[in-house]
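Worksheet: one structure, shown below.
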Amino acid sequence: MYQNAFDSGNQFSNVIIGNDDFPSIGLSGFNGVGLSTGVDYFLVTSGFGNDDFGDYRLEVTGPAAVVVPGTPGTAVPEPTTVALLAVGLFGLGAARRRKLS
């Protein structure tokens, strides 16, 4: 975790904490880090090796809200969400067309 900025070319600047094999082998994490409001923190995750791939889960817990940076409304929806939206819009269009007939 980094405070204020993350520079991939200088990975040891602004570092607050990093950990591997916590709480067990195959997992990584940390706890007990005091964070302040109004400060930007960057959590960087990576695999253990260059050939690591697949599903992973990132979990952040605590008494405060976690805000993911980015422009509001630019999140990429899940494919099932898009499909459900398409089915719903198709259904509304079909119902309206039937009502007008």
Open item on the list: Run the side-chain contact (heavy atoms from CB on, under 4.5 Å) test against Ser36 and tell me which residues pass, sequence neighbours left out.
Closed with: Val39, Tyr41

Open item on the list: Going by side-chain contact (heavy atoms from CB on, under 4.5 Å), name the residues that satisfy it together with Val15, two or more places apart in sequence or in a different chain.
Closed with: Tyr2

Open item on the list: Would you compute the distance between atom CG of Leu89 and atom CG of Leu84 and round it to the nearest 0.5 angstrom?
Closed with: 9.5 Å

Open item on the list: Under the side chain to side chain contact (heavy atoms under 4.5 Å, CB included) test against Gln3, which residue among Ile16, Asp40, Ile17 passes?
Closed with: Ile16

